[in-house]
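Letters A, B, ... are given to chains in the order of the sequence lines, protein chains preceding strands, and every chain is numbered from 1. As the structure is a computational prediction, the values presented were derived from the model and not from experiment.
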Amino acid sequence: MNLIGSARFGGKLLMLLVLCLFTFSAVVAQDIAIKGKVTDGGGMGIPGVNVLVKGTTKGTTTDIEGTYEVSASSNATLVFSFIGYETREVSVGGKSVVDVTLSDNVTALNEVVVTAMGIERSAKSLTYSTQKIDGKQLTDVRDANFVNTLSGKVAGLVVTQGSSGPGSATRVVLRGNRSIGGSNNALFVVDGVPIDNSVGSQVGSDFGGRNRSDGAANINPDDIESMNVLKGAAASALYGSRAANGVIMITTKKGKAGKVSADINSGVVVETPFLLPSFQNTYGQGAGGKSETNSASSWGAPATTFPNNIRDFYRDAVSTNNSIGVSTGSEKTQTYLSYTHNGNQGIIPNNTLQRHTMNLRINSQVTKRLSVDGKITYVNQDINNKPYSGENSGPIMNLLKLPRSVDLNQYKDYQDENGNPTYWASSSIYMNPHWTLNKTFSSERRDRSTILGSAKYDITDWLNVQGRISYDTYVDEYRNGWSDKTLLYAARGGNYEHFIGKRLERNLDLIISGNNKISEDFSVTYNVGAGQTYQRYGETGGIATGLSVTNKFDLNFATNLTRVATFNEKEVQYVFGTASVSFRDYLTVDASVRNDWSSTLPAPHSYLYSAFGANFILSDAVQLPQWISFAKVRGSWAQVGNDTSPYQLDQSYTYAPGGLIGYVSRGVTRVADNLKPEISSSTEFGVDFRILNNRLGLDVTYYNSNTVNQLLSLSLATASGFSSQFINAGKINNEGVEIVLSGSPVRNDNISWETALNFARNVNTIIELHPDIEKAYISGGIGRTAGPVVSKGGSYGDMYGYTWLRDAQGRYVVGANGAPLVGPEGKIGNFNPKFTLGWNNTVNYKNFVLSVLVDGRVGGTMTSGTEANLAYDGTADYTTEHRDGGWVLDAVTAEGQQNNVAINAETFWQTVSQGRYSWGEFFTYSTTNFRLRELSVGYNIPVPESFFFKNMRLSLTARNLFFLYRGYAKMDIPGMSTKRKLSFDPDMSLGAGNYQGVDYGNLPSTRTVGLNLKLGF
Amino acid sequence: MINPKLFKRNIEVIMKINQSSIINKSATALFIGLLGFSTSCTDDFKKMNTNPTAIIELTNNEYPAVFSRALAAGSYHPSFQTAQNLFADLYAQYYATTTGNFQSDRFFMHMGWAAGSHWNPIYTGVVPQLMTVMDNFDANTPENALANIWWAFSFSRLTDYYGPVPYFDAGIPARGVKYDSQEAIYDDFFKRVTAAVAVLEQHKSAKPFATGDIIYKGDVNKWIKFANTFRLRCALRISKADPARAKAEAEAAVKAGILEIGADNAMMVRTAINSGDGNGISRIAGWGEFRMSATMESILKGYNDPRMVEFFQPAFNTGTYEGLRNGLNPAQLALPLNLNDNNSNVGARWIRNTGAGSGWENLYAVPASIMHTSEAYFLRAEGALNGWDMNGEAKDLYEQGIRLSMEQWGFTGDAVEKYIQGTTPPVAPGDAMNSAPVTTIPVKWGASEAIQREQIGTQKWLALFPDGFEAWAEYRRSRFPKLYPVVNSVNEDVPAGQVLRRFPFLDAEKNTNKPAVDAAVSLLNGEDKASTPLWWDKN
């Protein structure tokens, strides 16, 4: 066996062996034997920790369970150190057992981080900001889509989840929105290779719909070793266009050399609605103060109400996750095999998600110079009855239309003896939600395989070549059915849809990497490479409008069948080079360049961009006062180019069935005259400063990025025959600051407290749009409630809606009847927070670990079509005020006279709401909120030496426990004493696309409480 | 922050590395090699970036389907509701809204609906398709003539909503497109249609777009009659704005041959492959958002009109024919008499009730009305009263118009003749607002010209049903039939009791075509408001 060769591959093993030799040679001295276990913050043993007897050369390393044995004098001091953890000195003090907990150290100096293309670098030498998250931080407090659990943990990251229950896609935005027409989502890279994170179709208007699942949700948090967030262009430039929105780099677990070990994780959580609207419980069904039994609203006389009729419809959803990961390996070959099952329930009674994930990873040192790494991940996911949200007849709006005096239990029989739907009123679109549950269905199935193979050959000690190939392919099958007599959706016999979508992404690359020590002072590392990314998506299916056999949900029974077929593919080829020169390890200069060729751009298809950066470690260069442990400044400038989606170059005609022979129509988007790639450039400066033996750290980053020549389709005057044109236009600026303050206020043998506070502020300005275009709607218009708009001088996320008419002096205007008059469409808010805060705390005390995450956002708005409906119907709590009239609004008439006409609440709310199409300004809420995001208490159960399990840990976890603060409606309505409080969770969005800022029948977010058991053997 | 000296030294070091043999050479060679590899592989990029699900080059096989699309888009499918039903159909008082949310019945001008459903389908659904046809069939072909006729017909529905619209430069790719005055647009309608008819007269046996013509299956003779009747319609429309031109155009149109018999009716037929195609009324009538208007109820019941049972069906709860007033507010709509199930939905030819008020079967394949022959007779009757040569007496033409309308809905013989001689006036509809009869005139031809004009207007209104576009336009021109004032208005420019004259210029246009919209205001007879009359509206 070639010890040296395999040890190069597994550095820890080498250390272990070398230090073992030390240990054996040191046995001569007459000392006492000291045993102990070194554990991490989560109570897990850390293998490979260096244990050194201070002042001597004696020492050892911990074994696979984290235990060690060393001999030293009884008054010796032991020094425990390991990469990624704080070094600790512990005096033996005559004890024969010394157990030590090492804290994870985000500020660890020798930390190695995985950067773009999977290139590992020392964190210290980076010229840009990154933020690392340990895998363990993602597996305690869980969510069906692990991406949601990133909230509050990374400065500058904003997560919004789609409103379709478990498996709904999530939007992850780093450092602000920059793309109008394209995605603003961060790129997910697993083990160096991008994975497909297509979000599929997302709800793009407040009419609503059902969001498809994203790709990232399929990543199994149990398989994640660590995660590194590359926020800026400098960090991500090597990934090219797809990384313009930042990258979330995930490194998955590998097998470890040594004996077999296994980790079992088993958890159960209960989810309940976190925040529901506040309802009045005084007045019943009816209008004008009179009771009416078939009224859709609650403006009737005082009546017996059912305070919990909305809440009781939702269930306490129970979800389980069970995983086992087995690691085994010889010195040459290591294997990691895991299986995870997630069984999730949504709070809508029939909404479920089942997911099985199998993951096999094998790495092998084939020869002294050649190593290979292979991984296969298979995911099988089955989601049933994702709820529709939005105005249309989904379970949520159907439920919220319930009058206060109606007992929903009476409507559990959702059909009468003739099979007709039962309902408490007459409605053109809303139905009994029990009908929706029982008589409509949806099913979404996914089979996904991700395969990665890589080989690395060491040409010399300092030069290696690595080749990688990955395939990420999946098939999604969608089936949706609506029984006969379902309003809006069912033609005679019922409606049915069936689609099958197939997606493929292939990545190939070849990278040559080297590093050389040029002289005593200079060292250089460099990479050159080339690669290719190919993506393909095709979907076929049919829509049956009417079924010849009632409720026989199969396309064979379609009375009217519309076929659907879509296809697109694209390929990007690239070459890149990067070099980094270090002087005495305290000054590093980086440069990288990449050229892309994209099939979506006109010939020559090519664009080039580059990045430069430098850092200077002050604390290594000059003698600083003792209390300063580390000080570094860094700066970088980078460009990232971006191509576009396929088929934007030819003016084409489409075919649609209908009429006698079908319809052929010219596309309504005019192709670009001369399409150029989009370029985003950014500048970043940062300082990293640590004092008091690394007990307090401050990391500050300032960035400024400009995205120009955006490829987007902007509205044209449709009189030109085109509704939009694909153009290069615009300049969007994002400027911001990220601050991470970390510290260890308490650190002794019994108790340690690690705390980290992150803060991010982003300011977005649309500097230019297009000379002829003042503003453009992201979703086509203001819809029913409000809509996001981009306009010159505005900010991404500006929301427009109808307003309350004001006169020249800014006074509110009412009509002759004393009720508000509608004003022009205007800006009523912005969906982005002004800043975000996250505060993470971990306290270790003996066998207990407590972690607390508080996070919040300040600023930003959402406009609520839900509230507009509740106000219209008289079910919202604030509609009790002025029910009996006498409400003279402090406003003027159109003629400028002070208003003196009294109205009542019903007139007011029905005027400003109009039900489904509301005057958005009245229902716009500040989304400022702070909450106890995560809380977990873990207990490491002491296990006897010989016990089968080597470690056991039980945690009690909770997510979204309560709000510390939430905002209010932006408009103070004159004469109203009640302040309307934010009644929906702004984390929840109708969809995960660029259409944001509207709540309309959104699924409530959930409070999660659970138990988690981890076993290791 | 960066020491320039240090930086320079580092650069020098990099240069040295570059000169230093092995790394440099192998790396450069590799880089160049990979570059070569990549560029040579972009050869198939063009093919890869060609959309397999779209048509890049049209052939003769596709043009009939291109024309089909123009015909269908001109009648606003599938956006029928927000293009026509929630505006023109309500303003013509064929129906009233039963849903409090829909404020257009209270004169709220929903810009988004009008832009997306009414304006855009003309400019992006009709115009590009017709221009494609005109570009590929020269001016002397019957295909080109059909495209020009449909162009004029489609734009008439557009200009009669707003007044000035982009017309002469429509479909020309540009950042902004200027608006043209309604007078100039109508002038072009006459010229364009006359020229098209001249071409068609040369090709009477041709079958242009026979497979894709979803109105007349390529029957040139019927298209000639349709075009001339449209010309006659336009002539009546401008009869107060430009009486001399109106007379000349009307007389020429009648001479050139207009719609005469029931078989000439212009009806658009679709095979209803999906619900997004099909008849617009059938598509939306099951949503329970509109019911028969009190105006309809007053007139149909008063005249004991046989067509009532075809136009409408009994209210679900009562089994009787009931209507409600236009412009009710949410509180009024909550009154029992105004609920959906207590009022009449459209007739069973469009939608059949299968129970419980919410179970409806949509009959998408029912032909949609484009122009009825009966209209031609009412136009001639009015022209005759104007003193024009309409090849007939006003009374005869009026009565023949009624006969043709009745025939269209399945009524002939004695019942129709009895109706024509009917002397009963409209009745009080017995609605929640306790409304009086909407007017006093009977069917039987009256003695005075004033009564005769109202009778022609009223019967034409009935005969046009369900074409709310034309009915609203003709109401604004002639103020017939007499309609109830809306009960409430939320529009400060058009209070209840006044007439809504037009649709203001759209917000979407102000965002994308602002200079042209600003300039267009001067082409109006006043401010850009819903209360400003169109050029041909001299009331």
Side-chain angles (χ1 to χ4, degrees), chain A residues 287-288 295 420 426 428 485 487 491-492 512 522 524 528 530 545 560 562 565-567 569 573 575 577 581 589 597 599-600 605 614 633 646-647 650 652-654 657-666 668 670 715-721 723 772 775 781 821 825 894 910 914-917, chain B residues 1-2 10 13-14 17 27 31 34-35 38 42 45 48-49 51-56 62 65-66 68-69 72 99-101 103 112 120 123-124 127-128 166 170-171 173-177 211-212 214 270 273-275 277 287-289 330-331 334 339-341 355-356 359 361 492 511-513:
Chain A
S295 171
N420 290 315
S426 158
S428 52
K485 295 177 178 166
L487 291 182
R492 193 166 178 76
I512 294 173
F522 283 101
V524 58
V528 286
T545 312
N560 289 308
T562 307
T566 60
F567 180 83
E569 64 178 341
Q573 297 169 1
V575 295
V581 181
V589 179
W597 290 264
S599 68
T600 64
H605 317 288
V633 293
Y647 314 140
D650 296 315
S652 63
Y653 287 78
T654 55
L660 293 169
I661 52 168
Y663 303 126
V664 169
S665 34
R666 195 185 67 192
V668 295
R670 194 177 162 207
S715 302
L716 282 185
T718 50
S720 65
S723 59
D772 299 335
K775 70 177 193 189
L821 284 178
E825 189 187 309
Q910 292 198 334
Q914 314 206 26
R916 288 150 59 192
Y917 292 83
Chain B
M1 245 176 269
I2 296 165
N10 283 334
V13 173
I14 296 170
I17 298 164
F31 198 84
L34 294 171
L35 201 98
S38 285
T42 59
F45 272 12
M48 183 181 284
N49 202 35
N51 189 350
T53 63
I55 305 162
I56 310 295
E62 280 83 60
V66 172
S68 249
R69 164 72 176 141
T99 303
N101 308 307
Q103 302 249 317
N120 292 347
Y123 288 110
T124 62
V127 165
R175 288 285 166 216
V177 187
T211 55
I214 52 179
R270 294 186 181 82
I273 289 182
N274 61 47
S275 60
D277 197 27
W287 299 346
E289 293 169 339
L339 296 179
N340 264 318
D341 287 354
E361 180 188 4
E492 61 171 335
N511 291 333
T512 56
N513 199 16

### Task
Compare every heavy atom of Ala331(B) with every heavy atom of Gln910(A), then report the nearest pair and how far apart it is.
OE1-N, 3.9 Å

### Message
I need the residue from Ser599(A), Ala894(A), Gly721(A), Ser652(A) with the largest number of non-hydrogen atom pairs under 4.5 Å to chain B.
### Response
Ser599(A)

### Task
Sort Arg492(A) into side chain, backbone, both or neither according to what part of it lies under 4.5 angstrom from a heavy atom of chain B.
side chain

### Query
Which of the residues Gly176(B), Gly212(B), Pro128(B) is involved in the greatest number of heavy-atom pairs with chain A at under 4.5 angstrom?
Pro128(B)

### Task
Kindly write out the residues that satisfy side chain to side chain contact (heavy atoms under 4.5 Å, CB included) with Glu569(A), not counting sequence neighbours, or none if the list is empty.
Tyr534(A), Arg536(A), Phe567(A), Tyr647(A), Met48(B)

### Task
For Asn49(B), check side chain to side chain donor-acceptor pair (under 3.5 Å) against everything at least two apart and list the hits.
none

### Message
If I compare all heavy atoms of Ala719(A) with all of Tyr123(B), which pair ends up nearest, and what's the gap?
### Response
CA-CD2, 3.3 Å

### Message
If you count heavy-atom pairs within less than 4.5 Å of chain A, which of Thr53(B), Asn340(B), Asn513(B), Thr124(B) leads?
### Response
Thr124(B)

### Query
Is the shortest heavy-atom distance from the side chain of Lys775(A) to the side chain of Asn511(B) under 4.5 Å?
yes

### Query
Got a second to check how far Tyr917(A)'s OH is from Thr99(B)'s OG1, nearest 0.5 Å?
10.5 Å

#### Entry: chain A interface, residue from Gly112(B), Ala54(B), Pro166(B) that has the most non-hydrogen pairs under 4.5 Å
Ala54(B)

### Message
Please classify the contact between Ser723(A) and chain B as side chain, backbone, both or neither, with a heavy-atom cut-off of under 4.5 Å.
### Response
both

### Query
Shortest non-hydrogen contact from Ser68(B) to Gly662(A)?
CB-O, 3.8 Å

### Task
Name the region of Leu716(A), side chain, backbone, both or neither, that has any atom closer than 4.5 Å to a heavy atom of chain B.
both

### Task
Over all heavy atoms of both residues, which pair between Ala174(B) and Ser720(A) is shortest? Give the atoms and the distance, please.
O-CB, 3.6 Å

### Message
As an exercise: rank Thr654(A), Thr566(A), Val668(A), Thr600(A) by heavy-atom pairs under 4.5 Å with chain B and give me the winner.
### Response
Thr600(A)

### chain B contact via Ala287(A) - side chain, backbone, both or neither, heavy atoms under 4.5 Å
side chain

### Query
Using non-hydrogen atoms only, which part of Arg670(A) is less than 4.5 Å away from chain B: side chain, backbone, both, or neither?
side chain

### Query
Which region of Leu339(B), side chain (C-beta onward) or backbone (N, CA, C, O), has a non-hydrogen atom less than 4.5 Å from a non-hydrogen atom of chain A, or is it both or neither?
side chain

### Message
So which atom in Val664(A) and which in Arg69(B) form the shortest heavy-atom distance, rounded to 0.1 Å?
### Response
O-CB, 3.5 Å

